[in-house]
Student: 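Please read through the structure below; I'll follow up with questions.
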Amino acid sequence: VSVSVTESASTTIAENEEQAPPPEPAALEPDSSDKGPGKEELPPTPPPQAVESESEPPAVTEAPKEENPPAPAAETVVISESESQQPPAPLQQEVVTESESLAAMMEKEEMGAPAEPTAAGTTTTTTTTTTTSAQEEVAAAVEEKKVPQNLGSFKEESNKEADLSDSERKALEELKQLVREAIDSNLFNSESKSEENPEKEKKQESKEVSIWGIPLLKDERSDVILLKFLRARDFKAKDAFVMIKNTIRWRKEFGIDELLDEDLGDDMEKVVFMHGQDKEGHPVCYNVYGEFQNKELYQKAFSDEEKRMKFLRWRIQLLEKSIRKLDFSPGGVSTIFQVSDLKNSPGPGKKELRLATKQALQVLQDNYPEFVAKQVFINVPWWYLAFYTMISPFMTQRTKSKFVIALPSKSAETLFKYIPPEQVPIQYGGLSVDYCDCNPEFSDADPATEMTVKPGTKQTVEITIFELTSKRFSFVPIMNVRSNGKNFSLQKCILVWEIRVVGWEVSYGAEFVPDAKDSYAVIIQKPTKMTAKDEPVVSQSFKVGELGKVLLTVDNPTSKKKKLLYRFKVKPFCD
């Protein structure tokens with residue numbers, strides 16, 4: 001089996017060009033909604049944020065973006081959908097942009113990616129044949145997006161002692177000494193007790209102190225915990241020790257150990273949930289704030305102080321359970337990738353929402369340092385961006401470097417940059433569904449291929465079936481060999497695939513073309529116009545009885561780029 005991808009001009013556009021002369025390129029106008037980059041305070045129960053040092057740096061004022069600026073140290077990544085005003089390129093020449101936008105970078109990677117081996121010995125190669133026209137060039141120019149900042153972003157530091165600088169290693173040793181003295185003197189345990197009998201407390205034996213299930217100073221996992229507090233306090237050992245002491249006291253007062261076993265119901269499971277991993281192995285937490293448009297749910301969570309506290313306890317319980325599944329070894333994954341979906345999110349005008357947000361932020365900031373690998377905001381409304389513009393100068397560079405903001409049209413594309421498509425939930429443009437019988441052929445472990453279908457082009461994925469041998473494909477035995485009482489044919493198999501175009505509004509068709517000259521092509525699915533209301537993922541199969549190739553064709557007549565996802569499996573066919 002081999003796969004090749006061919007790109008050509010859209011059939012719809014080609015037909016229009018034959019019937020009428022090509023229209024003159026129209027002047028492009030900037031999107032009236034382009035108000036510049038921005039961001040706002042986090043919604044109701046924001047994911048854990050990086051805890052900054054107590055002394056914030058001076059406000060950072062960002063300089064206006066020039067036409068060709070040098071590449072400065074980047075801050076928040078903003079994936080914007082505003083249009084850039086630029087004339088179309090000359091005919092017979094592909095539109096090439098120098099933008100540092102995420103879409104452009106991803107497109108370049110896809111167009112220039114070498115052949116890669118995939119599952120079951122499949123080889124993927126990409127061949128591109130582009131027919132340019134005035135319409136395509138204008139569409140490409142329209143699709144080009146303006147990015148307020150460049151793409152540099154936060155990179156997690158190593159927790160291995162050998163990778164620490166001398167000053168960082170010295171700070172770690174100093175903090176370990178302070179923690180050792182506190183444990184020996186029973187300081188952490190006495191913090192939450194009354195001071196009526198100090199002499200009695202002095203006579204008590206020192207007790208083991210644990211945070212997130214990790215005993216302090218017992219093994220190398222403890223160093224990873226301590227480094228989180230040190231980074232939150234700019235490697236100032238004494239400040240980090242005070243933070244640890246306050247966190248231990250808060251955990252006792254909040255009753256974290258009892259909270260883990262507490263039954264708080266499942267009413268909020270659609271608001272915050274864990275699903276899949278990113279490309280670096282971080283577990284992904286989704287925060288869906290549009291669920292609070294449900295007035296009954298909103299009242300149940302925020303209507304009074306008691307309900308806000310219960311919601312906070314539920315959120316902390318989920319966070320604690322997620323943290324305890326992390327790997328705190330020096331080379332392990334000890335942070336969480338956060339996705340905040342702001343579609344239909346209640347605005348900042350809600351008083352109860354502001355109170356809950358402030359309360360949650362304070363708890364997370366003070367007691368959960370350095371647990372965010374990346375914070376991605378998707379389906380971001382303009383009011384959020386405007387608000388963020390005001391507060392951005394007061395945020396530290398470290399915090400802003402973890403933020404990525406994507407407007408609705410860029411949300412799926414942004415997630416795919418960090419999370420494999422097969423791990424992204426189906427409602428966010430991916431292929432992952434909850435574990436059930438509705439998708440028996442594929443799981444999150446089956447990799448998907450992602451590509452871009454340009455405006456006015458037709459993309460064809462060719463899956464070629466060639467003669468199989470038992471040396472390359474162990475699951476297809478040689479002809480006439482019996483396995484488990486069943487006969488397998490060498491040149492017979494079942495090809496199963498899934499295909500999705502995010503948002504559809506394209507035509508999709510599938511056919512099998514045999515190699516034999518006297519054989520006829522088999523139409524698996526006639527070219528069909530797929531809309532956003534159709535099923536997001538098409539699952540199909542075809543019984544292959546002779547050598548040939550399956551062609552999956554996507555025709556994109558629109559002026560927008562489309563994200564195409566597909567994956568397939570070859571299964572033996574039993575006679």
Side-chain angles (χ1 to χ4, degrees), residues 42-49 189 192-193 207-215 225 246-277 282-328 333-341 345-346 350 352-353 355-369 371-372 425 427 432-437 444:
L42 298 183
T45 51
Q49 300 294 333
N189 290 314
S192 61
K193 300 178 182 179
K207 295 181 180 180
E208 184 180 89
V209 178
S210 298
I211 303 182
W212 303 301
I214 307 298
I225 299 293
N246 292 337
T247 295
I248 292 173
R249 182 196 302 122
W250 173 82
R251 293 176 68 82
K252 290 179 179 179
E253 294 173 352
F254 202 79
I256 293 296
D257 293 336
E258 296 77 16
L259 178 63
L260 289 172
D261 300 323
E262 195 172 336
D263 183 8
L264 296 174
D266 57 1
D267 298 330
M268 304 293 173
E269 61 182 5
K270 291 185 178 180
V271 177
V272 186
F273 60 90
M274 305 294 295
H275 190 106
Q277 298 179 338
H282 301 100
V284 182
C285 179
Y286 291 85
N287 305 269
V288 189
Y289 301 117
E291 291 291 331
F292 289 124
Q293 285 287 8
N294 183 323
K295 294 182 179 180
E296 182 179 349
L297 185 65
Y298 183 89
Q299 291 296 320
K300 192 170 185 177
F302 306 124
S303 60
D304 56 46
E305 181 61 30
E306 181 180 352
K307 292 177 180 178
R308 287 194 292 271
M309 178 54 66
K310 182 179 179 181
F311 178 79
L312 178 63
R313 289 183 66 81
W314 178 87
R315 184 64 183 90
I316 294 298
Q317 181 189 67
L318 177 64
L319 177 59
E320 284 283 333
K321 290 180 178 180
S322 302
I323 288 176
R324 289 172 188 254
K325 295 178 182 178
L326 299 175
D327 181 5
F328 285 98
V333 174
S334 61
T335 52
I336 299 172
F337 190 104
Q338 294 283 344
V339 177
S340 295
D341 179 11
S345 173
K350 297 279 189 178
E352 301 86 0
L353 184 62
L355 291 174
T357 300
K358 182 178 180 180
Q359 186 179 30
L361 276 175
Q362 194 64 50
V363 169
L364 297 171
Q365 201 171 42
D366 292 344
N367 303 287
Y368 294 90
F371 274 104
V372 178
Q427 63 266 35
S432 180
V433 296
D434 292 333
Y435 298 106
C436 60
D437 295 332
D444 292 351

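Along the sequence shown, the residues carry numbers beginning at 1.
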Student: Tell me, please, which residues at least two apart from Ser303 pass side-chain hydrogen bond (donor to acceptor under 3.5 Å, both in side chains).
Tutor: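 Residues passing side-chain hydrogen bond (donor to acceptor under 3.5 Å, both in side chains) with Ser303: Lys307.
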
Student: Mind listing the closest non-hydrogen atom pair of Pro215 and Ser210 along with its distance?
Tutor: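 Scanning both residues completely, I find the closest heavy atoms to be CA-OG, 3.4 Å.
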
Student: So which atom in Ile256 and which in Tyr368 form the shortest heavy-atom distance, rounded to 0.1 Å?
Tutor: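 Closest heavy-atom pair between Ile256 and Tyr368: CD1-OH, 4.1 Å.
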
Student: To the closest 0.5 Å, what do you measure between NE2 (His275) and CG (Asp444)?
Tutor: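 Those atoms lie 5.0 Å apart.
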
Student: Would the distance check show the side chain of Asn287 and the main-chain N or O of Val339 forming a donor-acceptor pair, the cut-off being under 3.5 Å?
Tutor: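 Looks like yes, one N/O pair under 3.5 Å.
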
Student: Just one of Gln338, Arg315, Glu291 clears the side-chain contact (heavy atoms from CB on, under 4.5 Å) bar with Val272, so which one?
Tutor: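 Testing Val272 for a side-chain contact (heavy atoms from CB on, under 4.5 Å) against Gln338, Arg315, Glu291 leaves exactly one candidate, Arg315.
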
Student: How would you list, by chain and number, every residue that makes a side-chain hydrogen bond (donor to acceptor under 3.5 Å, both in side chains) with Lys270, sequence neighbours excluded?
Tutor: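 Counting only residues at least two positions away or on another chain, Lys270 forms no side-chain hydrogen bond (donor to acceptor under 3.5 Å, both in side chains).
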
Student: What distance separates Ile316 CD1 from Leu259 CG, expressed to the nearest 0.5 Å?
Tutor: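 Those atoms lie 8.0 Å apart.
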
Student: Please round to the nearest 0.5 Å and tell me the distance separating atom CH2 of Trp212 and atom CG of Leu319.
Tutor: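 The CH2 atom of Trp212 sits 9.0 Å away from the CG atom of Leu319.
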
Student: Can you name the residues that form a side chain to side chain contact (heavy atoms under 4.5 Å, CB included) with Leu326, not counting sequence neighbours?
Tutor: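 Leu326: side chain to side chain contact (heavy atoms under 4.5 Å, CB included) contacts with Pro283, Ile323, Phe328, Ile336, Phe371.
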
Student: Return the set of residues passing side-chain hydrogen bond (donor to acceptor under 3.5 Å, both in side chains) with Glu352 (not counting sequence neighbours), or none when no residue passes.
Tutor: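 With sequence neighbours excluded, Glu352 shows a side-chain hydrogen bond (donor to acceptor under 3.5 Å, both in side chains) to Tyr298, given in chain and number order.
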
Student: With sequence neighbours left out, write down each residue that passes side-chain hydrogen bond (donor to acceptor under 3.5 Å, both in side chains) with Gln362, or none if nothing qualifies.
Tutor: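 Result, side-chain hydrogen bond (donor to acceptor under 3.5 Å, both in side chains) vs Gln362: Asp366.
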
Student: With sequence neighbours excluded, what pairs up with Leu260 under the side chain to side chain contact (heavy atoms under 4.5 Å, CB included) test?
Tutor: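 Partners of Leu260 under the side chain to side chain contact (heavy atoms under 4.5 Å, CB included) test: Glu320, Lys321, Arg324.
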
Student: Restricting to side chain to side chain contact (heavy atoms under 4.5 Å, CB included), what partner residues turn up for Asn294, sequence neighbours left out?
Tutor: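 Scan of Asn294 (side chain to side chain contact (heavy atoms under 4.5 Å, CB included), adjacent residues dropped) gives Glu296, Leu297.
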
Student: Return the set of residues passing salt bridge (charged side-chain N to carboxylate O under 4.0 Å, His left out) with Glu269 (not counting sequence neighbours), or none when no residue passes.
Tutor: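 Glu269 satisfies salt bridge (charged side-chain N to carboxylate O under 4.0 Å, His left out) with no other residue.
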
Student: Among residues at least two apart in sequence or on other chains, which ones pass ring-ring contact (aromatic ring centres under 6.0 Å, His included) with Tyr286?
Tutor: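 For Tyr286, the residues satisfying ring-ring contact (aromatic ring centres under 6.0 Å, His included) (neighbours in sequence not counted) are Phe273, Tyr428.
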
Student: Does Met309 reach the side chain of Gln359, with side-chain heavy atoms less than 4.5 Å apart?
Tutor: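 Met309 reaches Gln359 side chain to side chain.
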
Student: Look at the side chain of Gln317 and the backbone N and O of Leu264, then say whether any donor-acceptor pair between them is shorter than 3.5 Å.
Tutor: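 No, the answer is negative, given that no donor and acceptor are paired below the 3.5 Å cut-off.
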
Student: If you round to the nearest 0.5 Å, how far is CG of Leu318 from CZ of Arg313?
Tutor: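 Taking CZ in Arg313 and CG in Leu318, the distance rounds to 14.0 Å.
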
Student: Taking C-beta and beyond as the side chain, do Leu312 and Arg308 meet within less than 4.5 Å on heavy atoms?
Tutor: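 No; the side chains remain at least 4.5 Å from each other.
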
Student: Which distance, rounded to the nearest 0.5 Å, do you find between the OG of Ser334 and the NE2 of His282?
Tutor: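 Separation between the atoms: 7.5 Å.
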
Student: Please identify each residue that fulfils side chain to side chain contact (heavy atoms under 4.5 Å, CB included) with Lys300, with sequence neighbours left out.
Tutor: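 In terms of side chain to side chain contact (heavy atoms under 4.5 Å, CB included), with neighbours along the sequence ignored, Lys300 is linked to Asp267.
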
Student: Asn367 vs Arg251, test: side-chain contact (heavy atoms from CB on, under 4.5 Å). Steps then yes/no.
Tutor: CA-CA 8 Å; Asn367 303 287; Arg251 293 176 68 82; 5.7 Å; no

Student: What is the minimum heavy-atom distance between Ala301 and Phe292, and which atoms define it?
Tutor: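 Shortest heavy-atom contact: CB-CE2, 4.1 Å.
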
Student: How many angstroms lie between NZ in Lys310 and CD in Glu262, if you round to the nearest 0.5 Å?
Tutor: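 So the NZ of Lys310 and the CD of Glu262 are separated by 9.0 Å.
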
